[in-house]
Undergrad: 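The structure follows.
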There are 2 protein chains.
Amino acid sequence: MTLSLPDLTKNQSLVFETLSQAEAPLSAYTILDQLRSEGFRAPLQVYRALDKLLEHGLIHRLESLNAFVACRHSHKHQGTTVFVICGRCGDVDELTDQVVNDQLMQRAVERDFTVESAMVELRGCCGSCSQ
Amino acid sequence: MTLSLPDLTKNQSLVFETLSQAEAPLSAYTILDQLRSEGFRAPLQVYRALDKLLEHGLIHRLESLNAFVACRHSHKHQGTTVFVICGRCGDVDELTDQVVNDQLMQRAVERDFTVESAMVELRGCCGSCSQ
DNA sequence: AACAAACACGTAATGTCATAACATATCGAT
DNA sequence: ATCGATATGTTATGACATTACGTGTTTGTT
Ligand SMILES: [Zn+2]
Ligand SMILES: [Zn+2]
Ligand SMILES: [Zn+2]
Ligand SMILES: [Zn+2]
């Protein structure tokens, strides 16, 4: 099954392909290095593409790593996304949880706080790496 | 009630005082600038003090801001701490929530993931700033 | 006291992540 | 064809963090 993607420009496609094929989160500068053979020369070429891909929801930024991953969800995100990040192999899984989301929003409302964005990241060791 | 603090060195005390008196999260370099009059010259002086203060649990690092705050809890942290960060005034509140913590741990266990650390940060607008 | 280990500190250099500023090019609608 | 919006190329700079090396200070042991 192929996702119907928004039209991506050349640079956006290159960055997205790079992230999609990676097995772990990549920093913008790592992406830059991998795309030098395609003519990339400067960080801004990467960051601009990343910005658009983030807007489209095709990728995510992991705040605790200063790195980026292609989205693994085939469905639209609803509520807060929880990122589960293995520190050994770098694998990143993502999940949405109604209970977590509702509880966070409830606690925010209680204190009259308007949530504009939420970050939830679990760092640790995945099943495969624990064997 | 005064906390019984671990013995802090001169540099650690200076950094902790700076953070304690701040009304918003501070970056390491902002702390450095504020402590130049006290003889601080290099980022490492700040980062080393921050490391120790983090170990002692006296301060927290906000991953989504690359900045630090003094802990506002008078009690020991149990489980995941949720940081609630106002983007207007910079105020940071922290709370612990059993439901959020248990649900996150449950979802981790389900997928055989061992959590080593969890980060939860809500960005938005606080009650005072919404008036 | 003498010694050694552990810890804290000072300094310079470097590494890593991200954006500002400015110029040029491409595309699409009128 | 012209115009506005978007995308791109390039250089420089800003912001966050660590490596490497040397020195000083404390502490526990002999
Ligand atoms: Zn996703
Ligand atoms: Zn793993
Ligand atoms: Zn705290
Ligand atoms: Zn506020």
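Numbers restart at 1 for each chain; the letters A, B, ... are given by sequence-line order, proteins then strands. Every value quoted in this text rests on a predicted model; they were computed, and no experiment measured them.
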Undergrad: Are any of the side-chain nitrogens in B/Lys10 or B/Glu17 under 4.0 Å away from the carboxylate oxygens of its partner?
TA: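 Answer for the salt bridge query: no.
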
Undergrad: Who pairs with B/Arg123 by salt bridge (Lys or Arg N to Asp or Glu O under 4.0 Å), at least two apart in sequence or on another chain?
TA: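 Salt bridge (Lys or Arg N to Asp or Glu O under 4.0 Å) list for B/Arg123, sorted by chain: empty.
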
Undergrad: What residues form a salt bridge (Lys or Arg N to Asp or Glu O under 4.0 Å) with B/Asp102, not counting sequence neighbours?
TA: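 Partners of B/Asp102 under the salt bridge (Lys or Arg N to Asp or Glu O under 4.0 Å) test: none.
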
Undergrad: Would you tell me if any nitrogen or oxygen in the side chain of B/Thr9 comes within less than 4.0 Å of OP1 or OP2 on C/dC9?
TA: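 Checking B/Thr9 against C/dC9: at least one side-chain N or O falls below 4.0 Å of OP1 or OP2.
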
Undergrad: Are any non-hydrogen side-chain atoms of B/Phe68 and B/Leu53 less than 4.5 angstrom apart?
TA: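 No. Closest side-chain heavy atoms not under 4.5 Å.
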
Undergrad: Apply salt bridge (Lys or Arg N to Asp or Glu O under 4.0 Å) to B/Asp33 and list each qualifying residue two or more places apart in sequence or on a separate chain.
TA: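 Once residues adjacent in sequence are excluded, the partners of B/Asp33 under the salt bridge (Lys or Arg N to Asp or Glu O under 4.0 Å) criterion are B/Arg36.
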
Undergrad: Using whole Å, what does the distance between atom C1' of nucleotide D/dT10 and atom CG of A/Asn11 come to?
TA: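 It is 13 Å, rounded to the nearest whole Å.
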
Undergrad: Contact list please: residues 30-48 of chain A against DNA chain D, heavy atoms, distance less than 4.0 Å, in numerical order.
TA: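 Heavy-atom contacts with DNA chain D come from A/Arg41, A/Ala42, A/Leu44, A/Gln45, A/Arg48.
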
Undergrad: Closer than 4.0 Å, any side-chain N/O of B/Asn66 to the OP1 or OP2 of C/dC17?
TA: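 No, no such contact exists.
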
Undergrad: Roughly how many Å is it from CG in A/Leu53 to P in D/dT6, rounded to a whole number?
TA: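 My rounded result for the distance is 17 Å.
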
Undergrad: Quick check on D/dA17: is either OP1 or OP2 less than 4.0 Å from any side-chain nitrogen or oxygen of B/Arg61?
TA: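 Yes, within the criterion.
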
Undergrad: Between atom CD in B/Glu63 and atom P in C/dC17, what is the gap in whole Å?
TA: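 Distance, rounded to whole Å: 14 Å.
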
Undergrad: By a 5.5 angstrom centroid cut-off and a 30 degree plane limit, is there stacking between A/Tyr29 and C/dT16?
TA: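 It does not: the two rings, one from A/Tyr29 and one from C/dT16, miss the stacking criterion.
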
Undergrad: Quick check on DNA chain D: between A/Lys10 and B/Phe68, whose nearest nucleotide comes earlier from the 5' end?
TA: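 On the 5' side of the pair lies A/Lys10.
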
Undergrad: Under the salt bridge (Lys or Arg N to Asp or Glu O under 4.0 Å) test, which residues partner B/Glu63, sequence neighbours left out?
TA: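 Scan of B/Glu63 (salt bridge (Lys or Arg N to Asp or Glu O under 4.0 Å), adjacent residues dropped) gives B/Arg61.
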
Undergrad: How many whole angstroms separate atom CG of B/Asp51 from atom P of C/dA8?
TA: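 B/Asp51 atom CG is separated from C/dA8 atom P by 11 Å.
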
Undergrad: Under the rule for side chain to side chain contact (heavy atoms under 4.5 Å, CB included), what residues qualify as partners of A/Gln34, not counting sequence neighbours?
TA: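 Partners of A/Gln34 under the side chain to side chain contact (heavy atoms under 4.5 Å, CB included) test: A/Thr18, A/Leu26, A/Thr30.
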
Undergrad: Would you kindly give the CG-to-P distance between B/Leu65 and D/dA15, to the nearest whole Å?
TA: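 For the pair B/Leu65 CG and D/dA15 P, the rounded distance is 15 Å.
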
Undergrad: Does a side-chain N or O from B/Lys52 land closer than 4.0 Å to OP1 or OP2 of C/dA8, or not?
TA: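 For B/Lys52, the contact criterion (side-chain N or O under 4.0 Å from OP1 or OP2 of C/dA8) is met.
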
